[in-house]
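Please read the structure below before turning to the comments.
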Amino acid sequence: MLRIAIIGGKVHSGGKKNLILEYYRQINRTEVQFDLICDSDSNSIPYDEFKILGGRIFVIEPYQNIIKHMKELRKIFKINSYEIIHAFNNTLNIFPMAMGYVCGAKVRINESISMSHKGDLKAYPKLIFRPFSKYFSNYYMACGEDCGRWQFGNKLFDQGKVEVFKTVINAKDNAYNPQLRAVTRNKYGWEDNIIYGFIGRFEMQKNPLFLIDIFKEITQRQKNAKLVIIGSGSLEKQMKKRIREYDITDRIEFLGRREDIKQFYNAFDAFLLPSLYEGLPVVGLESQSAGLPVFFSTEITKEASACNIGEYISLGEKTSTWAEIIIDKTLKNIPIRRSYAEELINAGYDSESEAKRLQKFYFKALTK
């Protein structure tokens with residue numbers, strides 16, 4: 001059996017964690033097992049599921065304490081003698097790639113699953129390390145073309161040296177379920193409302209203050225509109241302050257950080273994602289599979305719209321324009337809502353087929 005070191009970095013609720021888990025659930029675990037290595041300041045380490053699936057988890061010092069971080073990586077790599085290291089931490093992959101090279105790992109996979117924005121202070125490490133991120137790697141991977149070109153450059157991508165493994169979901173599990181929709185809306189008292197939803201971190205990348213601005217415009221046009229926000233982050237106080245200033249506190253519900261989100265994709269009537277940047281967002285794919293219209297900013301890759309219910313709006317547009325487009329398409333979709341799971345599968349975003357392809361990639365790399 002092949003045991004692979006998966007470098008997760010900061011494993012928080014959401015996209016990266018879900019992506020790793022979805023591959024792990026679908027891969028043939030009698031032949032391949034994962035060891036997840038993550039930073040100690042992660043907020044959603046999947047201890048229980050990894051144990052059930054047969055994997056192991058190692059928690060190490062965050063990369064900010066780089067000397068201790070590297071020492072702990074070296075110890076884990078040496079003890080377990082990994083032949084393959086697969087890092088999902090974007091440009092910060094340079095650290096595990098370097099240590100993997102020192103420890104003799106034959107296959108060192110550097111994967112890009114996100115991009116960056118110059119205005120996001122928390123993204124500066126990504127920008128600083130980007131020119132060096134290719135060092136010590138001998139395989140390059142990305143969740144989509146835009147991420148691959150951003151991190152590894154056009155030359156490497158055009159030479160065919162960046163393998164694209166799409167962001168994946170379990171499309172059938174995320175299919176539209178009218179019964180689950182009815183139960184959830186009844187549970188939360190949403191039967192007579194149009195529910196707009198957001199799931200994500202409250203950080204600059206996700207542009208949550210602009211989200212509040214958009215919804216303010218929606219409330220002026222729809223008496224029964226509500227915004228349901230799921231997640232947590234450093235901008236929560238600023239968000240709530242702006243909500244109070246707009247006097248729309250009774251129109252917005254914060255449900256905190258949750259893992260049971262499938263019910264909400266079904267209960268929502270639209271999903272809002274006006275991010276400054278993304279990789280290929282898992283929430284966008286899961287929403288679309290459930291037949292939920294998704295409103296992306298044009299800063300998000302076009303690859304995120306896997307079927308015809310994804311809509312792109314420029315951040316340069318007025319919030320009133322956002323509101324009008326969102327309301328119009330949302331109301332048109334409600335009476336004809338259906339599952340788009342088959343469209344997601346046909347477009348290559350289903351985890352079962354991509355996990356099989358990833359497993360073949362691992363074994364082929366070892367034979368070179």
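In what follows, residues are counted from 1 in the order of the sequence shown. Everything quoted here is computed from the prediction, not taken from an experiment.
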Might you work through the side-chain contact (heavy atoms from CB on, under 4.5 Å) test for Ile4 and Tyr82, ending with a clear yes or no? CA-CA 6 Å; Ile4 298 172; Tyr82 297 111; 5.9 Å; no
Intermediate values then yes/no, salt bridge (Lys or Arg N to Asp or Glu O under 4.0 Å), Glu311 and Lys329: CA-CA 9 Å; Glu311 183 85 21; Lys329 186 160 186 175; 3.3 Å; yes
Glu163 and Arg357: salt bridge (Lys or Arg N to Asp or Glu O under 4.0 Å), yes or no, with the steps? CA-CA 11 Å; Glu163 193 76 29; Arg357 190 164 75 91; 3.2 Å; yes
side-chain contact (heavy atoms from CB on, under 4.5 Å) between Ile199 and Phe268, worked out: CA-CA 11 Å; Ile199 301 172; Phe268 294 164; 4.2 Å; yes
The test is side-chain hydrogen bond (donor to acceptor under 3.5 Å, both in side chains); show your working for Ser44 and Lys17 and say whether it passes. CA-CA 8 Å; Ser44 188; Lys17 171 191 165 184; 2.7 Å; yes
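Residues Arg185 and Glu191 are not paired through a salt bridge, judged by the lack of any N-O separation under 4.0 Å between the basic side chain and the carboxylate. The pair Asp350-Lys172 fails the salt-bridge criterion, with no side-chain N (NZ, NE, NH1 or NH2) lying under 4.0 Å from an Asp/Glu carboxylate O. Taking the charged nitrogens against the carboxylate oxygens, Glu324 and Arg221 do have a contact shorter than 4.0 Å, which makes a salt bridge. For the pair Glu72 and Lys75, the salt-bridge criterion is not met [side-chain N within less than 4.0 Å of a carboxylate O].
Between Ile60 and Cys38 the shortest side-chain heavy-atom distance does not fall below 4.5 Å. Between Glu253 and Leu227 the shortest side-chain heavy-atom distance does not fall below 4.5 Å. In this structure the side chain of Val228 never reaches within 4.5 angstrom of the side chain of Tyr188, judged on heavy atoms. The shortest distance between side-chain heavy atoms of Arg257 and Ile230 does not fall below 4.5 Å. A heavy-atom distance below 4.5 Å is not found between the side chains of Glu61 and Asp39. Residues Arg25 and Glu22 have side chains in contact (heavy-atom distance under 4.5 Å, counting atoms from C-beta outward). Residues Ile243 and Phe254 meet the side-chain proximity criterion, which asks for heavy atoms closer than 4.5 Å.
A donor-acceptor contact shorter than 3.5 Å links the side chain of Arg181 to the backbone of Ala267. Asn333 contributes a side-chain N or O that, together with a main-chain N or O of Gly291, makes up a donor-acceptor pair within less than 3.5 Å. Formation of a donor-acceptor pair under 3.5 Å by the Glu145 side chain with backbone atoms of Phe157 is not found in this model. Between the side chain of Glu203 and the main chain of Ser234, a donor-acceptor pair closer than 3.5 Å is present. His12 places a side-chain N or O within donor-acceptor distance of the main-chain N or O of Asn43, the cut-off being under 3.5 Å. The backbone N or O of Asn224 lies less than 3.5 Å from no partner atom in the side chain of Asp192, so there is not a single donor-acceptor pair. When atom types are taken as modelled, the side chain of Thr367 and the backbone of Lys364 share a donor-acceptor pair closer than 3.5 angstrom. Panel note: side chain Lys226, backbone Asp250; a donor-acceptor pair is recorded below 3.5 Å. With hydrogens and angles disregarded, a donor-acceptor distance shorter than 3.5 Å links the side chain of Gln33 to the backbone of Leu53. Side-chain atoms of Thr167 never come within 3.5 Å of backbone atoms of Val282 as a donor-acceptor pair (strictly under, hydrogens ignored).
Atoms CE and CG, from Met239 and Leu209 in turn, are 7.0 Å apart once rounded to the nearest 0.5 Å. The distance from the CD1 atom of Ile218 to the CD1 atom of Ile194 is 11.0 Å, given to the nearest 0.5 Å. In this structure, CG in Asn90 is found 7.0 Å from SG in Cys147, a value given to the nearest 0.5 Å. Atom OG1 of Thr219 and atom CD1 of Ile214 lie 12.5 Å apart (nearest 0.5 Å). With values rounded to the nearest 0.5 angstrom, Ile252 atom CD1 is found 4.0 Å from Ile248 atom CD1. Rounding to the nearest 0.5 Å gives a distance of 11.0 Å between CG of Asn266 and CZ of Phe264.
Partner of Phe95 under the ring-ring contact (aromatic ring centres under 6.0 Å, His included) criterion, chosen from Phe129, Tyr135, Tyr101, Phe136: Phe129. Partner of Tyr139 under the ring-ring contact (aromatic ring centres under 6.0 Å, His included) criterion, out of Phe152, Phe165, Phe361, Tyr362: Phe361 alone. Exactly one residue among Lys134, Gln151, His86 makes a side chain to side chain donor-acceptor pair (under 3.5 Å) with Asn110. That residue is Gln151. Each of Phe210, Tyr196, Phe215, Phe295 was compared with Trp322 under the ring-ring contact (aromatic ring centres under 6.0 Å, His included) criterion, and only Phe210 meets it.
A cation-pi geometry, defined here as NZ or CZ lying under 6.0 Å from the six-membered ring centre and within 45° of its normal, holds between Lys216 and Tyr246. Both tests pass for Arg338 against the ring of Tyr340: distance under 6.0 Å to the centre and angle within 45° of the axis.
A side-chain donor from one of Ser275 and Glu278 sits under 3.5 Å from a side-chain acceptor of the other. Remark: the Asn89 side chain and the Lys16 side chain contain an N/O donor-acceptor pair separated by less than 3.5 Å. Side-chain polar atoms of Ser13 and Glu259 form a donor-acceptor pair below 3.5 angstrom. For the 3.5 Å distance criterion, the side chains of Asn80 and Arg56 qualify, holding a donor opposite an acceptor. Remark: the Glu111 side chain and the Asn93 side chain contain no N/O donor-acceptor pair separated by less than 3.5 Å. Remark: the Arg242 side chain and the Gln238 side chain contain no N/O donor-acceptor pair separated by less than 3.5 Å. Side chains of Tyr265 and Glu286: a donor-acceptor N/O pair is present below 3.5 angstrom, by distance only. No hydrogens or angles considered: a donor-acceptor pair under 3.5 Å links the side chains of Asp146 and Thr301. Remark: the Glu299 side chain and the Ser297 side chain contain no N/O donor-acceptor pair separated by less than 3.5 Å.
Transitive grouping of hydrophobic side chains (ILVMFWY, heavy atoms separated by less than 4.5 Å) keeps Ile20 and Ile85 in distinct clusters. The hydrophobic clustering, which links ILVMFWY residues whose side-chain heavy atoms are closer than 4.5 Å, places Tyr176 and Ile261 apart. Hydrophobic clustering (side-chain heavy atoms under 4.5 Å, transitive across Ile, Leu, Val, Met, Phe, Trp, Tyr) groups Ile326 together with Ile334. In this structure, Leu292 is not a member of the same hydrophobic cluster as Val183, with clusters built from ILVMFWY side-chain heavy atoms closer than 4.5 Å.
Tyr24 has its ring centre less than 6.0 Å from the ring centre of Phe50.
Applying the 6.0 Å contact sphere to CD of Glu352 captures no more than 12 heavy atoms from other residues, nucleotides or ligands. At most 12 heavy atoms of other shown residues, nucleotides or ligands fall within 6.0 angstrom of atom NZ in Lys318.
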